[in-house]
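Working notes, beginning with the structure itself.
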Amino acid sequence: MKLKIATIAQDQQCLDDIQKFLAHTQTSHPPVAITGGAQQIPAVVEQVHPDLLLLEGVQLNPGEQQILSRVTSRFPDLGVIMLCPPQPQEFLLEAMRVGVREIVPTPVSQHGLIDAVGRFQQRMTMARTPMQEGKILAFIPCKGGSGATFLASNIAYTLASLESKRVILFDFNLQFGDASLFVHEGVSTTSIADVTRQIQRLDGSFLSSSSIHVLPNFDVLPAPDEPDKAAEIKPEHIKSLIQVAKKHYDYVILDIGRSFDAISIQCLDQADLIFPVLQQTLPFIRDAKRVINTFDSLGYSADKIRLIVNRFGKKDDITLNDVTSTLQLEVFKAIPNDYSIVAESVNQGIPVTKLARRSAIAKSLQEITQELTRNNAHGGLLKKLFPF
């Protein structure tokens, strides 16, 4: 699919370089090039109807922000890439809020520009490709320290890396979320709160461009880093996020905090499967009983619940049979206690499957993802997992 690209630049040399770089690719129709500034944006977009707008020389002062915001609101499918010197995080956030999808540093290199255009083209293709709706998997701790975030993030990574599925992980532990740190070393400039502020612009392309790209087929949208930002997120935002995500990903993984509030309940309502995570101690089992009772009061059937025992030890006083009989729920999977590997994984921000693929815990995670993805022709496990 070829793109229609328009460029507005104040610097003539930069404009000439962009034209030269784009001429070497087969990704676009003959590009439109205009010398000027933000005032030219509305006319260019209305007359040319580009898929992608490249902007150089825009400072994002209040007037320019207003122009960009008005144009991107009117043309929500328009991609905007800014070309500018390195900027502080506050500038990047302001740019995203008015519809900028990516920033390419100047002076512009052919490699940097072509890569950015290629990423936008890939997101655009993905957003327009009809897909079977993905499965929604929610992970919730029965008690603090259960390892639910570790499992959610590592299962998401394993689904993408070993099963070649398109996966997105939402960190809905809005007060203390750190799911991205389990699979990625970098710091994100955007969060769920930043996306929900522009919920009217939400589509597959916008969602992907706002996420951390851990792998080409694995995105993470982090929780906000400040409590006041979390307070802006509403239950209706959650439904919109998940509904869009499941049209563009094979699996949507929800990492949910321990509290039952309007946000977490909306997540659980949307989930196809819920994975409560506990350990083999009385406090965990006691709290797991409360969690399962809450699920009952919310009307969730037992078929929707998949109980995971984390840090399982065969010699522990409390056995899996004890857990099953106490909770009146079969244990879906017991994850072995592999503390040294897990600690190394968490400390380095490297998923277990990548760090130690032959370890007992990595094999256990692979068994889960294989069961999730296996089709009916191989033992009927998909029907067992998704009986509805």
Side-chain angles (χ1 to χ4, degrees), residues 1-125 127 186-190 194 198 201 205-206 208-210 213:
M1 179 183 66
K2 288 192 174 184
L3 301 175
K4 186 181 291 185
I5 300 177
T7 304
I8 301 175
Q10 292 183 351
D11 183 89
Q12 185 62 48
Q13 183 60 52
C14 182
L15 190 65
D16 293 342
D17 288 341
I18 291 171
Q19 295 297 92
K20 180 176 64 177
F21 296 154
L22 293 177
H24 291 299
T25 73
Q26 302 296 319
T27 60
S28 67
H29 298 287
V32 175
I34 303 292
T35 302
Q39 298 299 328
Q40 277 71 43
I41 293 175
V44 169
V45 172
E46 290 187 20
Q47 294 176 32
V48 178
H49 294 287
D51 300 305
L52 180 61
L53 179 65
L54 306 178
L55 296 177
E56 185 276 332
V58 175
Q59 304 298 319
L60 281 190
N61 58 47
E64 292 175 339
Q65 288 185 37
Q66 187 176 26
I67 291 172
L68 257 180
S69 181
R70 188 184 307 120
V71 168
T72 54
S73 295
R74 185 177 176 189
F75 299 93
D77 293 332
L78 173 68
V80 180
I81 295 178
M82 283 187 62
L83 314 171
C84 64
Q87 300 290 337
Q89 182 175 348
E90 292 76 14
F91 181 92
L92 303 179
L93 289 174
E94 287 300 327
M96 197 203 79
R97 290 185 184 119
V98 296
V100 176
R101 300 290 176 91
E102 187 167 345
I103 292 182
V104 174
T106 53
V108 180
S109 68
Q110 179 173 345
H111 176 76
L113 179 64
I114 298 307
D115 279 357
V117 172
R119 284 190 293 271
F120 172 77
Q121 185 178 37
Q122 185 179 33
R123 290 193 294 266
M124 185 175 174
T125 301
V187 178
S188 174
T189 58
T190 58
D194 297 307
Q198 301 185 74
R201 293 186 55 234
S205 179
F206 180 55
S208 177
S209 65
S210 302
H213 302 299

- Query: For the side-chain contact (heavy atoms from CB on, under 4.5 Å) test, which of L15, V80, L22 pairs with L54?
  - Reply: L22

- Considering all heavy atoms, the nearest Q10-E56 contact: N-OE1, 2.8 Å

- Task: Kindly compute the distance separating CZ (F21) from CG (D16), expressed to the nearest 0.5 Å.
- Result: 10.5 Å

- Evaluate side-chain contact (heavy atoms from CB on, under 4.5 Å) for V108 paired with C14, printing each intermediate quantity in order. CA-CA 7 Å; V108 180; C14 182; 4.1 Å; yes

- Residue of the set T7, V100, I8 for which side-chain contact (heavy atoms from CB on, under 4.5 Å) holds with L55: I8

- Task: Please round to the nearest 0.5 Å and tell me the distance separating atom OG of S205 and atom CZ of R101.
- Result: 4.0 Å

- Task: Heavy atoms only: give me the nearest Q40-I34 pair and the separation to one decimal.
- Result: CG-CG2, 4.2 Å

- Nearest 0.5 Å please: distance from the CG atom of L52 over to the CD atom of E102. 9.5 Å

- D51 CG to I5 CD1 distance, which is reported to the nearest 0.5 Å: 8.0 Å

- Note on the structure: In short, L78 meets P50 closest at the heavy-atom pair CD1-O, 3.4 Å

- Note on the structure: Taking every heavy atom of E64 against every heavy atom of A38, the minimum-distance pair comes out as CG-CB, 3.5 Å

- Give a yes or no answer on whether the side chain of Q87 reaches the backbone of P85 with a donor-acceptor pair at less than 3.5 Å. yes

- Q39 atom CD, over 12 foreign heavy atoms within 6.0 Å: no

- Note on the structure: Tested for side-chain contact (heavy atoms from CB on, under 4.5 Å) against M82, the lone hit among L53, V58, T106 is V58

- Nearest heavy-atom contact between M96 and R201 is O-NH1, 4.1 Å

- Does a side-chain heavy-atom distance below 4.5 Å link L60 with L68? yes

- Item | Straight-line distance of R74 CZ to S69 OG, nearest 0.5 Å | 13.5 Å

- Is any side-chain heavy atom of V45 less than 4.5 Å from a side-chain heavy atom of V71? yes

- Query: What pair of heavy atoms forms the shortest contact from F91 to C84, and how long is it?
  - Reply: CE2-SG, 4.1 Å

- Message: Would you compute the distance between atom OG1 of T190 and atom CD of Q198 and round it to the nearest 0.5 angstrom?
- Response: 10.5 Å

